[in-house]
2 protein chains.
Amino acid sequence: MKRFAIGLLLSLLTLPVIANELLVSKQSFSIDNFETFNGKRIPKVTVGWESYGQLNDDKSNVILITHYFTGSSHAAGRYTAEDSQPGYWDAIIGPGKAIDTDKYFVISSDTLVNAAVHDPNVITTGPATINPATGKPYGLDFPVVTIRDFVNVQKALLESLGINKLHAVVGPSMGSLQAIDWASAYPDWVERMVSVIGMVQSDAWTTLALEQWSAPIRLDPNWQQGNYYDGTPPTQGLTNALMLITQQALYPDFINQLQRDHAPLEKAPLNDINASHSVVNWLTNAAAQRASVMDANHVLYLVRACQLFMAGHGDSLQQGLSNITAKSLFLPATNDLLLMPYMAKQGHDKLVELGKPSQYDEITGTQGHLDGIYRIQQQADTLRAFLDGPL
Amino acid sequence: MKRFAIGLLLSLLTLPVIANELLVSKQSFSIDNFETFNGKRIPKVTVGWESYGQLNDDKSNVILITHYFTGSSHAAGRYTAEDSQPGYWDAIIGPGKAIDTDKYFVISSDTLVNAAVHDPNVITTGPATINPATGKPYGLDFPVVTIRDFVNVQKALLESLGINKLHAVVGPSMGSLQAIDWASAYPDWVERMVSVIGMVQSDAWTTLALEQWSAPIRLDPNWQQGNYYDGTPPTQGLTNALMLITQQALYPDFINQLQRDHAPLEKAPLNDINASHSVVNWLTNAAAQRASVMDANHVLYLVRACQLFMAGHGDSLQQGLSNITAKSLFLPATNDLLLMPYMAKQGHDKLVELGKPSQYDEITGTQGHLDGIYRIQQQADTLRAFLDGPL
């Protein structure tokens with residue numbers, strides 16, 4: 001109840017100080033003796049969370065936002081009025097926006113094994129966390145966790161606030177995996193499910209694509225089977241992983257437009273096999289910057305959680321989708337090269353086949369997978385109608 | 001002249017022993033004191049080559065086939081009647097086929113820095129070659145080479161056979177880069193140019209995608225800045241590079257069909273962060289097998305040659321394409337995720353804009369980039385008409 005009161009207080013504090021602007025702050029939530037999906041125990045898990053808008057009296061206006069692979073609970077608003085960047089979906093979350101914080105209590109939490117452990121605005125538990133049994137970081141002693149574990153932590157957080165019903169759960173990319181698993185695992189909770197740039201299971205292709213992200217980390221001699229916390233971390237491997245992730249999440253038009261001065265016959269790479277094209281240096285630097293707040297082991301665990309994903313985490317996808325009672329909306333991005341539209345289509349088609357209410361539309365743009373983040377505004381009207389409409 | 005005689009003899013020997021079957025053997029060609037595009041000297045380069053069909057009296061029936069990134073001069077036929085696999089484009093090269101060896105003298109050579117240095121049927125010169133100055137492999141002392149260098153070696157080979165005109169040059173993927181550069185650099189030679197799954201320059205997107213292939217090799221601690229010839233080679237890095245190359249050259253439908261028993265929630269990866277899904281083990285093993293005949297430094301040099309590519313290797317793409325006088329045919333694959341159809345379209349559109357004869361069509365299929373290899377038969381009639389038709 002205390003946490004609930006704090007949550008309410010926070011949501012009051014986050015009323016817009018500037019018109020249509022949310023000011024938000026991070027809170028923390030812990031669970032003792034957390035049991036993972038694969039039957040292991042973690043003595044204590046702690047995650048960060050944020051909320052926007054006010055919880056109504058019967059706690060029936062809750063929308064849960066679940067974050068993407070390299071994202072966090074910072075879905076909307078700014079931490080201070082001077083913040084240069086708002087949360088990633090600020091375009092659709094806020095007063096009067098598609099996910100209207102004048103109506104809904106919107107809440108989002110950091111996942112377990114969140115990549116950005118060194119970001120001061122992220123609170124997570126994973127291999128970089130101190131293992132109370134040894135006084136040292138878990139490293140690879142941390143159990144493999146699944147999307148279901150992310151969901152179960154969110155459920156405990158919501159229960160701590162007295163919530164037992166979600167008006168909707170909405171997430172992009174890895175967040176979409178959580179949204180679908182929520183709808184399948186806890187159908188009594190979930191009234192509406194929105195999957196943006198998502199999939200209903202990791203197929204063979206995607207499992208391989210994800211594995212490519214782990215490879216550079218494992219190759220880096222500093223990785224040391226995950227025991228690098230006393231030494232030098234595998235920064236180069238992590239940087240290379242992020243270069244791959246970044247490119248796979250984009251689309252040629254966008255990169256070629258951004259780097260329109262690129263010249264194939266640059267002198268340095270023509271004369272020296274160890275020199276790189278300017279465009280390579282640009283991506284390397286951008287990835288190195290992102291790597292500076294991330295932990296390499298956490299990325300390995302995130303990859304694994306996504307590889308293990310199947311809606312419902314049961315015996316079959318069919319069974320997992322059969323459990324869903326929520327009204328569903330799938331919004332893949334047409335030019336997505338990472339989770340192509342066929343993956344969302346598979347979920348939508350199967351739900352329709354099972355006689356369940358489901359809508360499907362595509363987000364267009366030149367940023368590929370990231371159109372689901374940066375062009376979400378395109379689907380604002382559809383989202384609003386879906387969320388405000390009847391079941 | 002001696003080489004020419006041997007070539008003729010070989011082409012006689014390779015007359016079909018079984019109906020529509022070519023028996024072929026590898027020959028070798030050397031150049032002393034080869035000057036590279038970037039102005040360096042290589043004391044001796046040696047490459048392998050094969051030919052199919054007979055050179056006519058006025059040497060006007062020559063079709064040059066240029067190979068792809070992980071390919072070789074083995075474009076058609078079998079080395080022995082027992083060979084399980086013919087050359088990669090056997091479907092379209094042979095007696096009575098689209099590239100009809102009853103009419104044409106078809107020739108293909110291994111490129112410089114060919115990846116498969118340990119394949120007994122590949123002859124190449126690159127970082128793994130002994131540097132006569134030191135008695136040890138060149139390693140990274142080998143100069144950076146370009147697609148133009150590959151072309152110049154082929155030109156010397158053809159000249160050694162008394163040839164100075166190409167009825168056509170035809171190549172898939174990296175072979176297409178060579179074909180286009182041939183048409184731009186030596187327009188007096190090239191009457192017809194066929195680019196299959198190709199590009200006319202490496203744009204920013206592609207330069208980055210190629211760089212991702214180098215990253216795992218450079219990360220492998222055994223790479224040692226390319227000086228691994230006395231020790232353990234960077235096999236894991238090379239294997240990871242090949243996993244990436246293989247996946248990028250394919251398309252989801254194909255992999256998902258092939259691995260239709262894939263189950264996301266496999267027990268081993270669920271319980272152990274160091275265990276992998278079966279599908280990952282499958283790709284790892286396939287890549288490790290390919291890696292066993294390849295040299296990691298050669299892959300780095302091939303990547304660089306492709307990154308540096310611009311048709312004509314001059315001041316601009318416009319200038320490079322302006323030089324072309326050949327009749328052109330572009331055949332990208334619709335589902336190609338590596339060199340998407342827009343790249344071939346760019347070349348075709350610019351040539352048409354310049355008032356030059358160019359045709360464009362797409363190869364359809366589920367194997368992505370590799371549809372240009374495995375589904376080339378689809379374009380057999382178009383190819384035949386293009387090759388047999390007037391200028």
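Letters A, B, ... are given to chains in the order of the sequence lines, protein chains preceding strands, and every chain is numbered from 1.
- Contact annotation for B:Gln225: only side-chain heavy atoms (C-beta onward) come within less than 4.5 Å of a heavy atom of chain A.
- The most heavy-atom pairs under 4.5 Å with chain A, out of B:Asp253, B:Asn271, B:Asn256, B:Asn240, come from B:Asn256.
- If you measure heavy-atom distances from A:Ala305 to chain B, you find no contacts under 4.5 Å at all.
- Of all the listed residues (B:Asn274, B:Ile255, B:Leu140, B:Asp220), the one sharing the greatest number of non-hydrogen pairs under 4.5 Å with chain A is B:Asn274.
- Within the 4.5 angstrom heavy-atom criterion, atoms from both the backbone and the side chain of B:Gln236 approach chain A.
- When each of B:Ser278, B:Ser202, B:Pro269 is checked for heavy-atom pairs under 4.5 Å with chain A, B:Pro269 comes out on top.
- Each of A:Asp272, A:Leu300, A:Thr146 has some count of heavy-atom pairs under 4.5 Å with chain B, and the biggest count is that of A:Asp272.
- Both the backbone and the side chain of A:Gln307 come within contact range of chain B, with heavy atoms under 4.5 Å apart.
- Interface remark: B:Leu337 contributes side-chain atoms only to the contact with chain A (heavy atom separation under 4.5 Å).
- For a residue to count as touching a neighbouring chain, one of its non-hydrogen atoms must lie under 4.5 Å from one of that chain's; by this rule B:Leu258 does not touch chain A.
- Interatomic distance, A:Thr246 OG1 to B:Leu208 CG, rounded to the nearest 0.5 Å: 10.0 Å.
- Neither the backbone nor the side chain of B:Phe254 comes within less than 4.5 Å of any heavy atom of chain A.
- Remark: the backbone N or O of B:Trp205 is not paired with any side-chain donor or acceptor of A:His262 at under 3.5 angstrom.
- When heavy atoms are compared at a cutoff of 4.5 Å, A:Leu250 approaches chain B by way of both its backbone and its side chain.
- Each of B:Val279, B:Leu270, B:Asn297 has some count of heavy-atom pairs under 4.5 Å with chain A, and the biggest count is that of B:Leu270.
- Between B:Pro264 and A:Gln201, the shortest heavy-atom distance links the atoms CG-OE1, 3.8 Å.
- Proximity to chain B involves both the backbone and the side chain of A:Gln247, based on heavy atoms less than 4.5 angstrom apart.
- Here the closest heavy-atom approach between residue B:Glu211 and residue A:Ser276 is recorded as OE2-OG, 4.1 Å.
- Contact annotation for B:Lys40: only side-chain heavy atoms (C-beta onward) come within less than 4.5 Å of a heavy atom of chain A.
- The minimum heavy-atom distance linking A:Pro221 with B:Leu219 is given by the pair CD-O, 3.5 Å.
- Counting heavy-atom pairs closer than 4.5 Å to chain B, the top residue among A:Asp315, A:Val144, A:Leu308 is A:Leu308.
- At a 4.5 Å heavy-atom cutoff, B:Arg260 makes no contact with chain A through either its backbone or its side chain.
- For a residue to count as touching a neighbouring chain, one of its non-hydrogen atoms must lie under 4.5 Å from one of that chain's; by this rule A:Gln259 touches chain B with backbone and side chain alike.
- Heavy atoms closer than 4.5 Å to chain B are found in the side chain of A:Met340, but not in its backbone.
- Interface check for chain A: of the options B:Gly237, B:Ala215, B:Ala209, the most heavy-atom pairs under 4.5 Å are formed by B:Ala209.
- Residue B:Ala275 touches chain A through its backbone alone, counting heavy-atom pairs closer than 4.5 Å.
- With a 4.5 angstrom heavy-atom cutoff, B:Tyr251 touches chain A via backbone and side-chain atoms both.
- Most heavy-atom pairs under 4.5 Å with chain A, from the set B:Asp203, B:Thr36, B:Asn38: that is B:Asp203.
- Against chain B, the residues from residues 280-290 of chain A that qualify, each with a non-hydrogen atom under 4.5 angstrom away, are A:Val280, A:Trp282, A:Leu283 in number order.
- For A:Trp223, the part lying near chain B is the side chain, with the backbone staying farther off; criterion is any non-hydrogen pair under 4.5 Å.
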